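Just below is one structure, and these are the notes that go with it.
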There are 2 protein chains.
Amino acid sequence: MADTRGAISSEPTLEEQIAAYQREFQDLDPQVEKIVSALSRLNRRMNVAYGRQTAALGISNAEWEVLKALVLSGAPYRMGPSDLAKRLGLTPAAMTHRIDRMVAEGLVTRERDESNRVRVIVELTPEGREKWLEAMRLATVFEEDLLQDLSPEERTVLGEALTRLLRRVEHAQPDAGGRLTDLD
Amino acid sequence: MADTRGAISSEPTLEEQIAAYQREFQDLDPQVEKIVSALSRLNRRMNVAYGRQTAALGISNAEWEVLKALVLSGAPYRMGPSDLAKRLGLTPAAMTHRIDRMVAEGLVTRERDESNRVRVIVELTPEGREKWLEAMRLATVFEEDLLQDLSPEERTVLGEALTRLLRRVEHAQPDAGGRLTDLD
DNA sequence: TGTGTACTCTTTAGCATTGAAATTTATCTT
DNA sequence: AAGATAAATTTCAATGCTAAAGAGTACACA
């Protein structure tokens, strides 16, 4: 899991960091750098916060990711290990071990698919679903607090802008030189 | 390092995901969820892109992080291992090993501080600085492409909004229940 | 029916990370 | 000056990840 550790301290402020970049690299567009750096820092801080919350519930951030994927798949909350692995960006091997741990903790069950015995079905237990719900409640409180300074209009604009950026990275692939070129 | 792996595939669209969340969790504010999910996805995609670029230069994303921290510290590009560790959010132990590798590759040097022999000084080599510069050039091209759909005004608004969110997480600490409360 | 091929999951070996203990050097107290 | 305490780094054992090899099952096609 990415950058979930706590205490990010003695870090320069965003402004100091951008000033330092400009000193060392003249071609830098400070506006672009501000967006990119803020994005990355924000994400790191948020992951730390989520990590603290899930830890308080006795699960790891990694386990929460699995619970989320299963719930999002909809009732009856079943997925195969390789689907889960693709969804979370893990190798199937890592998924095997992660599921091992979660079965031992009673968050999911693992059984063979009787109609195709190559396949394995991972299914959320009621306990797993309950954990997800508790984590979800904490997460929404945190997220609402995070955004409390933004008016509904500002939220709309922000969501719109981020979605546009996301579409750009998702529908484009960097070429050999790293340039983003449209696929459609 | 966080979520730097490639191929994030067979993922539901952002819209599908939010619809699924609303089905499973009625209290969800779709506007908030849109922002938070887009942020997290965007960051993941960007890390994948950066990873591809640094890999093309023969360094890992982890090594790039160290190079960035050293350059940002300004000439003469020296830092102690524990400062680097704090800056990158790693344990000192991990820093020791990472520096080992980078010394072996000639990106940095490690020597004892003669004025206080407990301390160690990690210093960027000219080769390390050159690698940073190459990575920086690729990164700025990617970042400019990423933001190409946003007008200068939109960029300003976006940067401003993200900075505001960042200030909120940085100056606030979640309490036992996970609420963000101001420190100032 | 039998064999080849493809697919899914697990096992194995290697690597980066963490947390805790150990090591080395500096500083404080008397 | 001696001994205790503190600080910075490294060493060590355990964890979770990746990549690649292995095992088991289903399906196609002769």
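These numbers come from a predicted model, not from an experiment. Below, chains carry the letters A, B, ... as their sequence lines are ordered, and counting in each starts from 1.
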Task: Results of side chain to side chain contact (heavy atoms under 4.5 Å, CB included) for S82(B) - residues two or more places apart only - done: none
Task: Nearest to side-chain heavy atoms of H97(A), which nucleotide of dT12(C), dC12(D), dG16(D) - done: dT12(C)
- [ ] Please report, rounded to the nearest Å, how far the C1' atom of dG16(D) is from the CD atom of E65(A).
- [x] 15 Å
Task: Angle of first-five versus last-five pair axes in the helix from dT1(C)-dA30(D) to dT30(C)-dA1(D), to 10 degrees - done: 10°
Open item on the list: Quick check on contacts: within residues 109-117 of chain A, what sits under 4.0 Å from DNA chain D by heavy-atom distance?
Closed with: N116(A), R117(A)
- [ ] Report yes if at least one side-chain N or O of R98(A) is closer than 4.0 Å to OP1 or OP2 of dG16(D); otherwise report no.
- [x] no
Task: Results of side chain to side chain contact (heavy atoms under 4.5 Å, CB included) for A69(A) - residues two or more places apart only - done: M79(A), L84(A), R87(A), L88(A)
Task: Nearest to side-chain heavy atoms of T96(B), which nucleotide of dT10(D), dG19(C), dT18(D) - done: dT10(D)
Open item on the list: According to side chain to side chain contact (heavy atoms under 4.5 Å, CB included), who are the partners of T109(A), at least two apart in sequence or on a separate chain?
Closed with: E123(A), T125(A)
Open item on the list: At less than 4.0 Å, is any side-chain N or O atom of S82(B) found next to OP1 or OP2 of dT9(D)? Yes or no.
Closed with: yes
Open item on the list: So if I take every side-chain heavy atom of V120(B) and compare against dT10(D), dA19(D), dT8(C), which nucleotide ends up nearest?
Closed with: dT10(D)
- [ ] Among the candidates dC12(D), dT25(C), dC9(C), find the nucleotide nearest to the side-chain atoms of R119(A).
- [x] dC9(C)
Open item on the list: Going by the rule side-chain hydrogen bond (donor to acceptor under 3.5 Å, both in side chains), which residues pair with N116(B) if we only count those two or more places apart in sequence or in a different chain?
Closed with: none
